[in-house]
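When a residue number appears, it is its place in the shown sequence, counting from 1. For the numbers below, each heavy atom of this structure counts, side chains included, while hydrogens, waters and symmetry mates do not.
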Amino acid sequence: MQVSIDGQRLWSSLMAMAEIGATPNGGSNRLALTPEDTAGRQQLIEWCAGIGCHVRSDAVGNLFFRRPGARDDLEPAAVGSHLDTQPKGGRFDGVLGVLAGLEVFRTLHDHQIVTERPLELIVWTNEEGSRFAPAMMASGTYAGVFTVDETLARQDEQGISFGQALEETGMKGSLPIGKPRLASFLELHIEQGPVLEEEGLDIGVVTGVQGMRWFDLTIEGNAAHAGTTPMAYRHDALAAAARLIDRLYAIAADDPSGDSKVTFGCLEVDTPSRNVIPAQVTLTVDLRHVHDDQLDTLEARFYSELDALVEAFGVVVTPQRLWNSPVVAFNDHCIASIEHATRARGIAYRRMLSGAGHDAVYVSRVAPTAMIFIPCRDGISHNEAEYSTPEQCALGTQVLCDALLHNANDLEVTQ
């Protein structure tokens, strides 16, 4: 069964959503569970109500939009992603996966197509982790990685808890965590990297996701006068942090495979002053690799470099591993459904791993899962300049539609 989605309608929906929390330079700012995020969710609820979809939510605010099937006793075939963004994020990251699902539902509604299985369009809460760490928290709760109490207790930088923010949205629901169980889950996303564009390909069939580990690190030295303290007597927390950043960055950059990645996204000096040696620095460390054993090696090197800081600078280091997401292999059946849909339309594609985390990582623990990538200009994401063309968005949505129809009419249990 092949039907054609409406690319112009999809683009109009994307641009309408982008107006909610729009930033001056053409991006989006809808941090999780803020009024902007809530407004985006409410807009989706209104759109889905217009085609007869029933919405439910669970205890961590995940939204589930149900489109009935011929056999509603069957577990649903699902699609989805997230609507929250980075503080100065783009218009496509996460949002495309949600509004592509909406467009698929609208297309099926237009053609009065009833699938064997029911369908679910899912919006996962706080995927970005930019307000409440770690990332993918609510999909992780759905999958049993985090408890509800753990998730609700997480606080943002202002001390507001996830639970408090969720209550203020009015979108905390009664759907049991982990329900509904899914027969399959597909997530469409921009690549957030340059590979597809550089290779002139239209679709990435995503077979898995690289491993990721997040750390919070505090380095404590001693404050002292910048002019009167000899270099040999200093315990400079910022100099120690700079040494760590330089060493770990060099380790990753020297990896001939290119698979080691190290990022220091946040750095803060406690009570900074121009002429005072920094006494305390806090920073974040993000380690990634496509092989778990090599990620173990990278983490071990991180800890050995911390020991070297203690020796060289006389500082105290306090690392906390905040998040550990192992390498993920997606479901063969779901990968095949995407690959078949892509080949059937003569689309140029390649198989690839994702370098970024997605809600599909956690969903894959409890349901057969795979992802679809489309190119994004210059590989830029988490940036107001993030862009994919209307044609690229439409093509990815068409592949999603075709693969979802296959999964929704397949009555075999694949997990």
Side chain to side chain contact (heavy atoms under 4.5 Å, CB included) between Asp84 and Leu31: does it pass, once the steps are laid out? CA-CA 5 Å; Asp84 66 308; Leu31 294 181; over 6 Å; no

Take His333 and Ser337, measure what side chain to side chain donor-acceptor pair (under 3.5 Å) needs, and give me the verdict at the end. CA-CA 6 Å; His333 179 87; Ser337 70; 5.9 Å; no

Might you work through the side chain to side chain contact (heavy atoms under 4.5 Å, CB included) test for Gln155 and Phe162, ending with a clear yes or no? CA-CA 6 Å; Gln155 295 185 348; Phe162 184 105; over 6 Å; no

Please test Glu187 against Thr369 for side chain to side chain contact (heavy atoms under 4.5 Å, CB included), starting from the C-alpha separation and ending with a verdict. CA-CA 8 Å; Glu187 183 171 0; Thr369 297; over 6 Å; no

Please assess Leu248 against Phe264 for the test side chain to side chain contact (heavy atoms under 4.5 Å, CB included), listing each intermediate value before the final yes or no. CA-CA 10 Å; Leu248 283 182; Phe264 305 88; 3.9 Å; yes

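Remark: Arg66 engages Glu120 in a side chain to side chain donor-acceptor pair (under 3.5 Å) (not counting sequence neighbours). Applying the ring pair (Phe, Tyr, Trp, His ring centres under 6.0 Å) criterion to Phe215, with sequence neighbours excluded, gives Phe302. Among residues two or more places apart in sequence or in another chain, the salt bridge (Lys or Arg N to Asp or Glu O under 4.0 Å) test is passed with Glu168 by none. Partners of Trp11 under the ring pair (Phe, Tyr, Trp, His ring centres under 6.0 Å) rule, at least two apart in sequence or in another chain, are Phe92. Take Arg131 and apply the salt bridge (Lys or Arg N to Asp or Glu O under 4.0 Å) test, not counting sequence neighbours, and it matches Asp156. Under the ring pair (Phe, Tyr, Trp, His ring centres under 6.0 Å) criterion, Phe65 pairs with no residue, sequence neighbours left out. Asp236 meets the salt bridge (Lys or Arg N to Asp or Glu O under 4.0 Å) test with no other residue; sequence neighbours excluded. With sequence neighbours left out, the ring pair (Phe, Tyr, Trp, His ring centres under 6.0 Å) criterion links His291 to His289.
Counting heavy atoms from C-beta outward, Val317 and Tyr303 have side chains that stay 4.5 Å or more apart. Leu182 places a side-chain heavy atom less than 4.5 Å from the side chain of Pro76. In this structure, Leu188 and Met371 have side chains that are not in contact, with every pair of non-hydrogen atoms separated by 4.5 Å or more. Using a 4.5 Å heavy-atom cutoff, the side chains of Gln86 and Asn29 are not in contact. Side-chain contact between Met171 and Gln42: present, with at least one pair of heavy atoms (C-beta onward) separated by less than 4.5 Å. The side-chain heavy atoms of Val3 and Cys401, taken from C-beta on, include a pair separated by under 4.5 Å. Side-chain contact between Ile190 and Gln392: absent, with no pair of heavy atoms (C-beta onward) separated by less than 4.5 Å.
Across all their heavy atoms, Ala403 and Leu186 have their closest contact at CB-CD1, 3.7 Å. Gly396 and Ile203 get closest at one heavy-atom pair: CA-CD1, 3.9 Å. In this structure, Ala133 and Leu322 approach most closely via the heavy-atom pair CB-CD2, 3.8 Å. Closest heavy-atom contact between Ile347 and Val399: CD1-CG2, 3.6 Å. The two residues Leu99 and Leu10 make their nearest non-hydrogen contact at O-CD1, 3.6 Å. Closest non-hydrogen pair, Gly211 versus Val327, comes out as N-CG2, 3.4 Å.
When atom types are taken as modelled, the side chain of Arg288 and the backbone of Ser260 share no donor-acceptor pair closer than 3.5 angstrom.
No donor-acceptor contact under 3.5 angstrom links the side chains of Thr115 and Arg67, judged on distance only. Between the side chains of Asp149 and Thr147, no donor N or O sits under 3.5 Å from an acceptor N or O. At a cut-off of 3.5 Å, with distance as the only test, no side-chain donor of Thr218 or Thr282 sits close to an acceptor on the other residue. Side chains of Asp286 and Trp214: a donor on one and an acceptor on the other come within 3.5 Å.
Sorted by first then second residue, the ring pair (Phe, Tyr, Trp, His ring centres under 6.0 Å) pairs that include residues 218-239, not counting sequence neighbours, number zero. For the side-chain hydrogen bond (donor to acceptor under 3.5 Å, both in side chains) condition, the pairs that include at least one residue of residues 314-325, sequence neighbours left out, are Arg213-Asn324, Glu299-Arg321, Trp323-Tyr362.
With Val104 as the partner, the side-chain contact (heavy atoms from CB on, under 4.5 Å) test is satisfied by one option alone out of Leu108, Thr107, Leu102: Leu108.
When the shell of 6.0 Å around CG of Asp332 is examined, it contains 12 or fewer heavy atoms from other residues, nucleotides or ligands. The number of heavy-atom neighbours closer than 6.0 Å to NZ of Lys261, taken from other residues, nucleotides and ligands shown, is above 12. For Glu46, the CD atom is densely surrounded, since the number of other residues' heavy atoms within 6.0 Å is greater than 12.
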Below 3.5 Å, can you tabulate the donor-acceptor pairs from side chains in residues 265-280 to any protein atom, sequence neighbours excluded?
| from | atom 1 | to | atom 2 | distance (Å) |
| --- | --- | --- | --- | --- |
| Ser273 | OG | Asn275 | OD1 | 3.3 |

Just distance, no hydrogens or angles: give the donor-acceptor pairs under 3.5 Å from side chains in residues 192-200, sequence neighbours left out.
| from | atom 1 | to | atom 2 | distance (Å) |
| --- | --- | --- | --- | --- |
| Gln192 | NE2 | Asp93 | OD2 | 3.3 |
| Gln192 | NE2 | Ser381 | OG | 2.9 |
| Glu197 | OE1 | Asp378 | N | 2.8 |
| Glu197 | OE2 | Asp378 | N | 3.4 |
| Glu199 | OE1 | Arg350 | NH1 | 3.3 |
| Glu199 | OE2 | Arg350 | NH1 | 3.0 |

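The aromatic rings of His340 and His406 lie tilted to each other, with the angle between the two planes from 30° to 60°.
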